[in-house]
Amino acid sequence: IILIAIDFIKIPKYNRMQRFCITLLCVLNTYFAQAEDGYKLWLRYEPVLNQQLSSQYKEITKAIYFGDGDPTLDVAKAEVQNGLPKLLSIPVSISKDINKASLVICTIDKLPASIKNQLTSNLEDQPNGSYIIKTIGKQLVVVAPKSIGVLYGTFHLLRLMQSDESINNLNIIESPKIDLRLLNHWDNLDRTVERGYAGFSLWNWHKLPEVIDQRYIDYARANASIGINGTVLTNVNANALVLTAPYIKKTKAIADAFRPYGLKVYLTARFSAPMEIGGLDTADPLNKDVAAWWEEKAKEIYKEIPDFGGFLVKANSEGQPGPQNFGRTHADGANMLAKALKPFNGVVIWRAFVYSEHDPADRAKQAYSEFVPFDGQFAENVLIQVKNGAIDFQPREPFHPMFGAMPQTPLMMEFQITQEYLGFSTHLVFLPKLFEETLQADTHRKGPNSTVAKVIDGSLHSKRISGIAGVSNIGTNINWTGHPFAQANWYGFGRLAWDPNMGSKEIAKEWLKATFSSDPDFVNPMSELLISSRETVVKYMTPLGLHHIMDANHHYGPGPWIKNMPRPDWTSVYYHKADKEGIGFNRSSTGSNATAQYAPELAKVFNDPKATPSELLLWFHHLPWSYKLENDRTLWDNIGITYQEGVNEVREMTTTWEQMSPFVDHERHQLVKSLLSIQLNEAIWWKNACMSYFKQFSELPFPAEMEKPDKSLEYYMSLKFPFAPGIKPKWD
Ligand code: BDP
């Protein structure tokens, strides 16, 4: 309005038309300057509005001493030089004299004795990446034994300033609780991404090694800001070509770009590579030529990439070749590769996601049966990577029974950040809540409080190495993850990888503040919304322990009717087992006895439907439709009521988001609003399709609380989505 008024004020130099154009430009500029495409992630460094804090930050950063001499320290310095002027609207002032600086950012060896003596720890015995942020007299120091710790500490300090936290009197000592904190990209060499919903792969293999896309740098920087220290560039359904010389050169170029950010590269190794690219007629792990081929390959890789992380392997799973093709065991295969990588300190990450079409046993039991007998037989640089649950990244699963059951083997956690089974990048679902539930689950393997987090961080059984992986949701979309809120899942995974005991609420708040606004009127309702969003999706997709009832192959939308597939355990009917009698998978001692794979304390709970938590009821039990739950309503009614609650909760999310418009730029607000409207329609679709389908068996009326489906079951069953994103390559 002011600008339009200006238009009417006469400025002698310009005529009316010119004044109008200037005004229009100003208006457009103001509008677009505020628009945000999400590219900056949580590293936006918006001006600090709180005057008191702004003055405090200015005082503490008025003269900064930066240690230099290595590329990682240069990155830390660049981050401060990028962030501070934006936060405080003043240029960075550098001090060359460490004693006169108000803020010191360097490795510990650079500190004068006067400061060094006042540190309570020198972190020497702490893991790589540890750091201290401490107020010493009039100075604030961000220090670490290694430069990567300095970088992590610098990001921590900037995070405090982005979140309106005081930086007076700090005494922070941080060290990562898990050694390997990795993203797993399911990226193919043609740049498609299996189960990717955010565009194509970031890795432009065609233009590598020459072209280093700015995206690689921004990706590495974002990962460093949350402590992620490794990335597997390629799909677990691997292509052996990536191990050929041209691709090793390309991988080296990426590794060089990532190195200053403390991000190591790993590749997936196709077990049959010696045959496919090596000219051998076998890939038998006990064959001398095969072992020698891998040893040579390792040498070739490490010559180019001295800090190469190692291999991730999917073997004898869903059609991928493995040692069992040659009559050998998983241990034979993993140990052969481990021997090749050992001289270079590389690791083998061997996936436990195996289940066989020839094994009639409950799929949930197969990985445990296959791997637990090999405990103690894996080489010391082998980690076994286990999905959080025994089936497959479902909206809710009990924790995988392998956790805690292999005391002599480092077990790595595999979470799925990309939302294959949780609404792709269309649904707002805050996954750290799901991750937290798994990590805090008690395995009871060494008495009470033997949490999965303790298995993963190695503390429960004193493991020599520990790791955690998240299947990436990142692609070429301008906002990286498709849904602006899916960035929170990348962020949250990183924070939990650093400290698996962090609370998801705290993570939600941190992310919201840095990504949108630190105004409590935004952060409080939105952190509630994020925290409840996970349960909401469970309610409208797979309530009460139902699982894997998505449509086949692409896994988009409901498909409880799926029954004719190449393997029974790829159908939905295998999992829900709905019939006239009832619904659910009996995994108790009277059924598949999968419960016996848990510690006896838990098996007892899971064997008894009355003791089983209602959210896992149909995971472990097949129960009559008339079975009464605690609320004295039947199972059938409860299923319908829960589906409806899920729908209602998405409606509430939509209303809350509407109210957030004063705090959010127009562009992101609109995008999230549109996505929420899809989410609401799809929640209703899930409820209608599943309840219509199950009604054929229950033959009961829908509960009164439930809005009735507006279409027939035939209609829902007729829907086909041949071009749903993220589908696996043809060989499936
Ligand atoms: C399943 C995915 C499939 C993956 C597989 C795996 O549908 O695309 O290849 O997991 O983890 O959930 O290997």
Side-chain angles (χ1 to χ4, degrees), residues 182-190 192-198 201 232-239 266-271 311-322 324 330 333 349-357 363-364 366-367 370-371 383-397 400 402 411-425 429 431 434 438 468-473 475 489 493 541-542 547-557 559 562 565-567 569-572 574-575 721 724-732:
L182 312 188
L183 286 181
N184 286 184
H185 285 262
W186 286 359
D187 294 15
N188 299 313
L189 298 183
D190 64 1
T192 55
V193 180
E194 185 164 328
R195 312 312 181 182
Y197 313 105
S201 167
V232 185
L233 300 178
T234 45
N235 192 355
V236 287
N237 295 317
N239 189 324
Y266 297 66
L267 291 173
T268 44
R270 187 162 161 89
F271 203 77
F311 292 139
L312 169 64
V313 189
K314 171 174 177 176
N316 293 119
S317 166
E318 299 184 332
Q320 290 297 303
Q324 292 176 339
H330 284 286
I349 302 168
W350 194 270
R351 293 177 89 228
F353 180 67
V354 299
Y355 59 101
S356 156
E357 67 262 52
R363 171 169 158 187
Q366 296 185 27
E370 187 88 48
F371 278 87
L383 297 104
I384 304 297
Q385 184 165 297
V386 186
K387 289 189 181 183
N388 58 291
I391 295 294
D392 203 351
F393 298 137
Q394 296 302 295
R396 169 165 281 119
E397 299 193 33
H400 202 303
M402 282 177 70
L411 295 191
M412 238 173 117
M413 171 64 76
E414 180 175 315
F415 283 129
Q416 193 180 45
I417 311 174
T418 192
Q419 293 168 235
E420 174 180 358
Y421 298 97
L422 289 106
F424 293 7
S425 63
V429 186
L431 294 178
L434 183 166
T438 307
I468 183 167
V471 179
S472 151
N473 61 349
N489 297 334
F493 166 76
M541 283 189 184
T542 53
H547 51 287
H548 220 305
I549 55 172
M550 304 58 205
D551 203 350
N553 295 324
H554 50 60
H555 301 148
Y556 169 61
I562 298 293
M565 294 288 289
R567 317 165 46 140
D569 49 15
W570 284 354
T571 68
S572 300
Y574 172 89
Y575 295 100
F721 305 94
I727 301 183
K728 287 174 89 166
K730 284 248 171 23
W731 52 260
D732 187 2

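In listed order, ligands and their atoms are each counted from 1.
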Legend entry - Per-residue contact class, Val471 against ligand 1 - non-hydrogen pairs under 4.0 Å: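 Near ligand 1, Val471 shows nothing, with every heavy atom at 4.0 Å or more.
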Within a distance under 4.0 Å of any heavy atom of [X], pick out the atoms of ligand 1 and give their elements.
X	answer
Asp392	1 (C), 10 (O), 12 (O)
Glu194	3 (C), 4 (C), 8 (O), 9 (O)
Lys387	1 (C), 5 (C), 6 (C), 10 (O), 11 (O), 12 (O)
Phe353	5 (C), 6 (C), 10 (O), 11 (O), 13 (O)

Polar contact flag, side-chain donor to acceptor under 3.5 angstrom, [X]-[Y]:
X	Y	value
Asn184	Gln385	yes
Tyr574	Arg567	no
Glu318	Tyr355	yes

Inset, instruction - Kindly write out the residues that satisfy ring pair (Phe, Tyr, Trp, His ring centres under 6.0 Å) with Tyr266, not counting sequence neighbours, or none if the list is empty. - result: none
Inset, instruction - With sequence neighbours excluded, tell me which residues meet ring pair (Phe, Tyr, Trp, His ring centres under 6.0 Å) with His400. - result: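 So His400 forms no ring pair (Phe, Tyr, Trp, His ring centres under 6.0 Å) with any residue.
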Check this for me - ligand 1, [X], N or O atoms closer than 3.5 angstrom, yes or no?
X	result
Trp186	no
Arg195	yes
Gln416	no

Legend entry - Proximity flag Gln320 to ligand 1, non-hydrogen atoms under 4.0 Å: no
Legend entry - Where Leu431 and Asn489 come nearest, the two heavy atoms and their spacing: N-OD1, 2.8 Å
Inset, instruction - Give me the ring orientation class for Tyr556 and Phe424: parallel if the planes are under 30° apart, tilted from 30 to 60°, perpendicular past 60°. - result: tilted
